[in-house]
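Okay, so here's the structure we're looking at.
Numbers here are sequence positions counted from 1.
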Amino acid sequence: HVKKSNDYSYHSYSSSNGFSSFTSHFLEEEMRAAIAREEFELHYQPKVGTTGKLLGGEALIRWNHPKFGRVSPGEFIPFAEENHLINEIGDWVIQTVCRQLGEWRDKGFALYPISINISPMRFMKKGLVELIEKNLDTFQIPAELIVLEITESTLLKNEKVVIKTLEKLGKLGIKIAIDDFGTGYASLTYLKEFQADILKIDQSFIRNLGNNRQKDNAIVSSICHMGKALGMTVVAEGVEEQEQLELLAEFFCDEIQGYLFSKPLPAAGFEKVLGDGRLQSGK
Ligand code: C2E
Ligand code: MG
Ligand code: MG
Ligand code: MG
């Protein structure tokens, strides 16, 4: 049947009916309004060393819609990329992280680098570096506290603008992480040609670590080894089990991110972690 925009009554959001059951026009308008209505929120997931020492965090966007409830970024980010609203949302994320870091500093917390996910489209658009510089300046944040997570698909664009932007960011002192490493189509050539500082091993490899998973063990230990040989910091994401942590420690993986230590936390929760400087493993 026909969906009317601005009529929530027949279509309460649930992940089973899916975000896509709304008309794209309706969703676009809702997303546009969401920034003004302050429905977006950032959560922060801690990254720790294998012994639980806090090393940083990743900013992950949440959309708290008054009627749909919590919409996951996996559902609305791809759509936002289609309708180009990702640029506006991305700019909001950069500003919010810088403002948040300033707030934590003003409260007297020791600061740790925060990673920001940058979609391929936003990365290619002009003005990214300038926008980041402006926000660093406004909130008086050192560039070393910002990490940009890009995916292999951004590198695949293989355009001059990508190389130029990476160079400018490097000069500023902003670190680059390759997110979801191993799932895209990027060849090892990209690791040689692009200046990236951090490799994040995709969760799909981490999930299968352990006994009788010889292939995944071999892949993860090899990525750890290769990343370190290239002078990169290696991060494992999606770590949920103690056994996975033990293997990653054996592989000398630098940083651990996953539910075993902590889910993504609202700013107030992450603030507690900042105060403690460490986390315990265990669910
Ligand atoms: P990602 O950047 O690879 O982020 C990691 C995702 O894994 C997050 O999902 C996080 O909550 C989840 N995760 C972390 N540890 C575990 C674990 O132990 N087990 C499981 N099952 N999951 C874990 P989330 O927050 O739903 O974000 C999904 C994706 O949406 C992100 O993947 C990223 O690609 C995108 N995203 C999130 N926030 C932003 C943003 O601000 N801008 C852009 N452009 N994309 C974003
Ligand atoms: Mg990420
Ligand atoms: Mg990832
Ligand atoms: Mg991902």
Side-chain angles (χ1 to χ4, degrees), residues 1-45 58-100 115-128 130-132 135 148-159 161-162 165 179-180 183-186 200 202-204 207 237-238 259 263-267:
H1 59 243
V2 180
K3 288 163 198 144
K4 288 177 263 175
S5 62
N6 290 323
D7 184 351
Y8 301 114
S9 53
Y10 304 113
H11 305 284
S12 69
Y13 172 78
S14 77
S15 47
S16 57
N17 88 8
F19 205 61
S20 53
S21 66
F22 297 95
T23 65
S24 59
H25 174 73
F26 170 71
L27 286 179
E28 191 174 327
E29 291 310 307
E30 283 302 294
M31 219 176 267
R32 217 177 277 285
I35 293 187
R37 295 194 303 231
E38 296 182 36
E39 291 167 5
F40 289 120
E41 184 191 0
L42 291 183
H43 283 196
Y44 298 86
Q45 187 175 32
E58 177 175 8
L60 294 158
I61 197 167
R62 303 293 178 248
W63 183 6
N64 305 306
H65 191 279
K67 294 274 164 55
F68 312 156
R70 171 75 53 83
V71 187
S72 90
E75 287 183 272
F76 72 84
I77 291 289
F79 182 73
E81 293 201 32
E82 265 169 51
N83 63 27
H84 294 219
L85 279 171
I86 191 67
N87 296 321
E88 220 177 304
I89 294 171
D91 293 358
W92 178 85
V93 172
I94 290 166
Q95 189 190 23
T96 303
V97 167
C98 292
R99 176 187 294 124
Q100 183 65 73
S115 301
I116 299 173
N117 292 284
I118 305 283
S119 78
M121 183 185 286
R122 182 66 191 88
F123 196 87
M124 304 286 294
K125 195 169 161 262
K126 265 182 76 178
L128 175 68
E130 290 74 12
L131 180 89
I132 293 173
N135 280 289
L148 300 187
E149 296 196 0
I150 60 176
T151 54
E152 290 165 287
S153 56
T154 298
L155 299 181
L156 260 179
K157 305 266 180 215
N158 197 19
E159 302 203 16
V161 54
V162 174
T165 303
D179 204 353
D180 305 338
T183 55
Y185 296 96
K200 295 190 76 174
D202 190 68
Q203 319 196 359
S204 57
R207 199 168 301 137
E237 67 178 357
Y259 296 171
K263 294 203 164 176
L265 303 166

Partner set under side chain to side chain donor-acceptor pair (under 3.5 Å) for Asn87, not counting sequence neighbours: none
Counterpart residues, side-chain contact (heavy atoms from CB on, under 4.5 Å), relative to Pro78 (two or more places apart): none
Near-ring test Phe76/Phe40, centroid separation under 6.0 angstrom: yes
Contacts of type side-chain contact (heavy atoms from CB on, under 4.5 Å), residue Thr165, not counting sequence neighbours: Phe123, Leu128, Val129, Val161, Leu169
Glu38: partners by salt bridge (charged side-chain N to carboxylate O under 4.0 Å, His left out), with sequence neighbours left out: none
Glu28: partners by salt bridge (charged side-chain N to carboxylate O under 4.0 Å, His left out), with sequence neighbours left out: Arg32
From CD1 (Ile77) to CD1 (Ile61), nearest 0.5 Å: 5.5 Å
Pairing residues for Ser204 by the side chain to side chain donor-acceptor pair (under 3.5 Å) criterion, not counting sequence neighbours: Asp202
Partners meeting side-chain contact (heavy atoms from CB on, under 4.5 Å) with Gln95 (sequence neighbours left out): Arg99, Asn135, Phe139
side-chain contact (heavy atoms from CB on, under 4.5 Å) partners of Glu149, counting only residues at least two apart: Lys47, Glu58, Ser115, Asn117, Ala177, Asp179, Lys200
Under the side chain to side chain donor-acceptor pair (under 3.5 Å) test, residues paired with Asn83 that sit two or more places apart: none
Side chain to side chain donor-acceptor pair (under 3.5 Å) involving Glu39 - partner list, sequence neighbours excluded: Arg37, Trp63
